[in-house]
Structures are given as C-alpha cells and as structure tokens.
Amino acid sequence: MSAPETYYVTTPIYYVNDSPHIGHAYTTLACDVLARFMRLDGRRVRFLTGTDEHGQKVEKAAGEAGLDPQTFTDRVSRRFRELLEVMDFSADDFIRTTEPRHVRAVQALWRKLVERDQIYLGKYAGWYSVRDESYYAESDLVEGRAPTGAPVEWVEEPSYFFRLSAWQEPLLEFYERHPDFVLPQSRYNEVVSFVRGGLTDLSVSRTTFRWGIPVPDDPDHVIYVWLDALTNYISALGYPDTGSELYRRFWPADLHVIGKDILRFHAVYWPAFLLAAGIEPPRRVFAHGWWTNEGQKISKSLGNVIDPRVLVETYGRDQTRYFLLREVPFGQDGDFRHEAMVRRINHDLANDYGNLAQRVLSMIARNCDGRVPEPGPLAAEDRALLDHAHALLPALREAIGVQALHRALELIWELIGAANRYVDAQAPWALRKSDPGRMRTVLWTLAETIRHVAVLTRPFVPAASDRLLDQLAVPETDRVFAALGAGGRPLLPGTALPHPRGVFPRWQQE
RNA sequence: GGCGGAGUAGCUCAGCGGUAGAGCAGCGGAAUCAUAAUCCGUAGGUCGGGGGUUCGAAUCCCUCCUCCGCUACCA
C-alpha cells in the first residue's frame, strides 16, 4: 500500500495587536473545512495556524497596557487559541513566533540567505508606517500620511537588504509555470502586474525597536517582521531540520489561505525568500475577501466589529460556519446580515436539510419498526437518486481542489433538493398501505442518500452531521469518504436506529 | 495615467455567437410523511449607452458612461 497523499494548509499567523474577529474566524474556517475534507478523503493532513507576536506595534501596545511584550503577547495569543474551540477548528499545530523553534528557524533562514549572498548591509532612509509595517516612498504620501491613512515617520538607519530586485525575472517565470499559484485569478493578475512593474530591494532589518528576532551576529538589528512571520510556515515543520519527518512530508505547503490585504507578502516576498534560500515555494496562495456588517465597512471606530464568539452564541456554531461559507463565493467580499443569516438557517439548514432527514427518519421510525428497512429491487428513480449521491464526492473534490467552498455546498444542496423532490414523487406515506415493500425500498434509498449527505457535510457542519449519522447508526469508522459511493458501505437493513431528533432547529423570532 | 475586472429580472449572480437563466423575494396551486417544513407552476428584464462585424450578439470589435481592484505619477 502506497503512502497516503499529504495535504498541508495554513492560515496566516494572526497579529496579536488585535482580538479575534470575523476575519480571523473566516480564514481559519476555510482552512478547517479543507483540512477536514482532506482527512475524510484519506489524506494525511497538517493544518497550521498561530500568532505573529513581534514588531513595533506589539511593543507599543504592550507598553500602553503596562506589560512587558511577552506577557502581553501570551495574553492575546491565548484568545486566538481559544477561537479554535469556539469555532470547532481542527488545527494540528499552533505556532507562536516567540517560540524557540520559530526563532531558531528564522535565524537559520537568515543565515542561509546571507550565505547565498541574498542579504547585504546598507542604509535605509525613508518613511515608515508602524501601523502598516511598511515603507513608503516620498511620492506615496498623501498629505503627510501613508496612502492607507496611517501616520508615517522618517526613518534613517543602517539596514540589511534582501536582493528582491534580483528575483523579478525568476518570479515571473515561476508565475508563468504555475498559473494557479495565486487564486482567484484576478489576484494572480494583480501579482504578476505588480512584479512586472519592477521590484526594489527590501529592507529586512530594524534598529529602532527591540521586540523581534535579533539578526544573527549583529544584535543591534531585529529581523523585519514579515521575514520573521512568513517563516512560520516552515518553522512549524521543523526547519532548518529539512530531514525531519514533518518537513519532508509536508513541505512545500499545498495552500496558504490569506486575506486579500496580505497578498503581496505571500505571493511575492515569500516565494522570493524561498527561491533565494533554495527552498521550494508553496503550491498555492488563496486570497479571500472581506466581510462588511449590514452593508457597512467594519471598523473599530464604528464599533461594528463582529466577534465570532457572539455569532456562535447567537446562531450556533454549525450555523455560523455554514453561513460564512455558503453566503459568499469564496474569494469575494461578503456582507454579513442578520436577515440573510436567519434565511440560511431556516431555509437551507432547517427546511431543506434538517427536515428532509426528519421526515424520512420519522417514517422509518414509525413504519419500519425503527430499523433500517430492507430494500426490494430498485426502480429507475431510486437508482437515479443514488447515482446522484454517488457522483457527489468526485464533484466536491473538484470544487474543493480550487477552494470553491461555496460551490461545494451548492452541489450538496442540489442533492438535498433532489431527495426532497423524490420524497414527494414517491409519496412513501401513501405506499404504506398500497405497497409496503415499495415503501421500504423508497425509505432505504432515502436513508442511504442522507447518509451520503451527512458524511459529505461533515467538513462544513461537523457537529450536526455527526448527530445525523448517530441517528442513522453509522459507526464512527464508516464516517469517511471511503464508505461512500457504489463500492462503499451502505446502511445495513435491520440495524436499529435511535429515535429521530431534529439536528437543525429553526431560528425563532426572539 | 497604466493594467485588470464588472455593469443581465426587486436583490445576489450564472450564461459568453443561435429564439433571455438560477437562487432568494413575490404571486398562484398541490400535497400532508416532516422542524407549517415539502413539491409544482409563475420571471414579460431596451442583457449600461451608441456604433460595427455576422444569416444571427449579453455573447466578437470600436467608442462612450459608471463602478471596483491593483499600480504609477503629478503636485
């Protein structure tokens, strides 16, 4: 038996300057679904998230809170770790940039770059925005501020530079050879046109603050936060020990999921650093969009920040997960609206899905002695529904392969719709008297279809899916994709089923 | 200024050379197994404006308008 395929997916590490909000939850959610899907599909998965804890902003924020940076950072980092529980995220590792394993990796990468003559000592003079962690040319400034509106300060200091300019052509070749390195497509175009526009060497060290990883052999300098942060993707695999099991198995990463605001760092700087160090770049960077709140841009000053904790408490964990993934094509911006959320909960989850299960399981409970019915010969309509169910997994693989999470859900709901139509067309409640044998065949076909749906919704709405699988008495070991399809492990007639209970309650007007 | 994308039913969007589509909302009906949940029917919208190519254009070309993203520059 050959080794299972692997899958390495990451979130960005979240900056501890901020508490977790819907944006963080959204990114990690997407990764969680992908990780769960791949695990159920038999792949060996590594799902990484964590926190980015260095930099001037953190140093300042800690000072304002009257704490030393490490204490401050411990505190905020914990909140991000707690988000995993809140949203039911299945991360395999949580990395912090203040951990020794990470510091060691960053310094090793730095040394590697120096060794390969990719870093040189120069002098930096220019405008720097602490808030953006970014430099701006004089010409970028708008009324003395960064184009983002952030305040800037004049910085003049010795600095190490990374020879980014030397990587313009290699990067362009790399993009050309990997046309799906960046998704969505429009982001790929942006990246390519940015690099075509010319790259200048990148300042990669600071002497103006201390809270960071010291430059090896020159402790006056602290390593640029992005070089520091991006390295987490390999430090979590044990870099610089490239012979380690984790590293060999999982690098290069299959996917970095990010928000669109940090695309340049991931699609330009990161592959440039890696190419310069002789390390293979990741396979894909997917940049998703932003959420607005009831049509309004989300900002702290507006006070309309969405706390994932509140969403989960208000609407439910699976409901929140479903809404975020279904409401908006993954990659586009979305609008969070209470009304839309309620519609998704009641229509998609309670009515279409939950009620399908409930009506079928109730009929089985009442008319089949609470056991999986014994089907007779299958009619064409039965086969058609089962064929649809069996064909779903390959279709989902395709959608998931390009991170079309919304499309995957759409495909599943097409089967749910077909199953509801089938119930009405077959009218098993009428068959109860006219043809009980036929009724049992219909109910078995439906139960089997629901089994497929429940297994396939596990990555998206894990808890509810499992509650449904409990009701179908599907053993833990059969709740995987290998148990689906024509050669799978169908429900066994005669199996006793627990009393049916709804898995997706309707949202009640409060 | 440059590059890219978008403007299609009330809303969100798909279609991308061959007599205008989906979901949601709305309207009418059927059914009654079920969380009053389902199913069926119903969309008369100059496909942003104008011009062109074609037997035929949301669909190709030109042009204009509006919006969005990336990027550059002037000051």
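Just so you know, these numbers use all the heavy atoms, side chains as well, and skip hydrogens, waters and symmetry mates. Each chain gets a letter, A, B and so on, in the order its sequence line appears, and its residues count up from 1.
For D424(A), the side-chain atoms get nearest to rU38(B) when compared with the rest of rU71(B), rU38(B), rG69(B). For N355(A), whose side chain is taken as the heavy atoms from C-beta onward, the closest listed nucleotide among rU38(B), rU71(B), rC40(B) is rU38(B). For H347(A), the listed nucleotide lying nearest its side chain is rA25(B); candidates were rU35(B), rA34(B), rA25(B). Set against rC70(B), rG69(B), rA34(B), the side chain of Q358(A) has rA34(B) as its closest nucleotide. Checking rG4(B), rC70(B), rU38(B) against the side-chain heavy atoms of N189(A) singles out rG4(B) as nearest. Considering only side-chain atoms of R359(A), the nucleotide from rC39(B), rC33(B), rU35(B) that sits closest is rC33(B). Ranking rA31(B), rG69(B), rC39(B) by closeness to the W429(A) side chain, first place goes to rA31(B). Among rC39(B), rU35(B), rC33(B), the nucleotide with an atom closest to any side-chain atom of N420(A) is rC39(B).
The separation between K260(A) atom NZ and rC68(B) atom C1' is 9 Å, rounded to whole Å. Atom P of nucleotide rG69(B) and atom CG of D261(A) are separated by 14 Å, given to the nearest angstrom. In this entry the distance linking CD of E339(A) with P of rG10(B) reads 18 Å, nearest Å. Per the geometry, CZ belonging to R407(A) stands 17 Å off P belonging to rC13(B), to the nearest Å. Distance E410(A) CD to rU12(B) P: 17 Å, rounded to the nearest Å. Rounded to a whole Å, the CZ atom of F194(A) is 20 Å from the C1' atom of rG5(B). Per the geometry, CG belonging to L446(A) stands 13 Å off C1' belonging to rU38(B), to the nearest Å. The NZ-C1' distance, from K297(A) to rG69(B), rounds to 13 Å in whole Å.
Contact annotation for R432(A): no contact, since no heavy-atom pair falls under 4.0 Å across all strands. R196(A) comes within 4.0 angstrom of nothing in the nucleic acid, heavy atoms only. Counting any heavy atom pair closer than 4.0 Å across all strands shown, V503(A) reaches a base atom. Backbone-only contact: R421(A) has heavy atoms under 4.0 Å from sugar-phosphate atoms and none from a base. Residue-level contact check: S362(A) touches the backbone only, with heavy atoms under 4.0 Å from sugar-phosphate atoms and none from bases. Within 4.0 Å of N346(A), counting heavy atoms only, lies no atom of the nucleic acid at all. Residue-level contact check: G354(A) touches the bases, meaning some heavy atom is under 4.0 Å from a base atom.
In a base pair of the Watson-Crick type (N1 to N3 plus N6-O4 or O6-N4) or a G-U wobble (N1-O2 and O6-N3), with each distance short of 3.5 Å, rU54(B) is matched with no nucleotide. Pairing for rA30(B) is with rU38(B), a Watson-Crick or G-U wobble pair whose two hydrogen-bonding atom distances lie under 3.5 Å. In a base pair of the Watson-Crick type (N1 to N3 plus N6-O4 or O6-N4) or a G-U wobble (N1-O2 and O6-N3), with each distance short of 3.5 Å, rG45(B) is matched with no nucleotide. Using Watson-Crick or G-U wobble geometry with both donor-acceptor distances under 3.5 Å, rC70(B) finds its partner in rG2(B). Taking a pair to require two hydrogen-bonding distances under 3.5 Å in either a Watson-Crick or a G-U wobble arrangement, rA25(B) remains unpaired.
One cannot find a donor-acceptor pair under 3.5 Å joining the base of rA37(B) and the side-chain atoms of N351(A).
In the model, N367(A) has no side-chain atom that pairs as donor or acceptor with a side-chain atom of R440(A) under 3.5 Å. Remark: the D335(A) side chain and the T292(A) side chain contain an N/O donor-acceptor pair separated by less than 3.5 Å. When only modelled atom types and interatomic distance are considered, T449(A) and Y422(A) share no side-chain donor-acceptor pair under 3.5 Å.
A salt bridge is absent between R451(A) and D478(A): the closest approach of a Lys/Arg side-chain nitrogen to an acidic carboxylate oxygen does not fall below 4.0 angstrom. With respect to R397(A) and D41(A), a salt bridge is recorded, a charged nitrogen being found less than 4.0 Å from a carboxylate O.
Residue R366(A) has a polar side-chain atom (N or O) positioned under 4.0 Å from OP1 or OP2 of rA34(B).
Cation-pi geometry between R344(A) and Y322(A) is not met: the NZ or CZ atom fails to fall both under 6.0 Å from the ring centre and inside 45° of the normal.
Taking atom C1' on both nucleotides, rC62(B) is separated from rG21(B) by 29 Å, rounded to a whole Å. Annotation: rC60(B) and rA6(B) have their P atoms spaced 10 Å apart (nearest Å).
rA58(B) shows a glycosidic angle within 90° of 0 and is accordingly assigned syn.
The shortest distance between side-chain heavy atoms of L385(A) and L415(A) falls below 4.5 Å.
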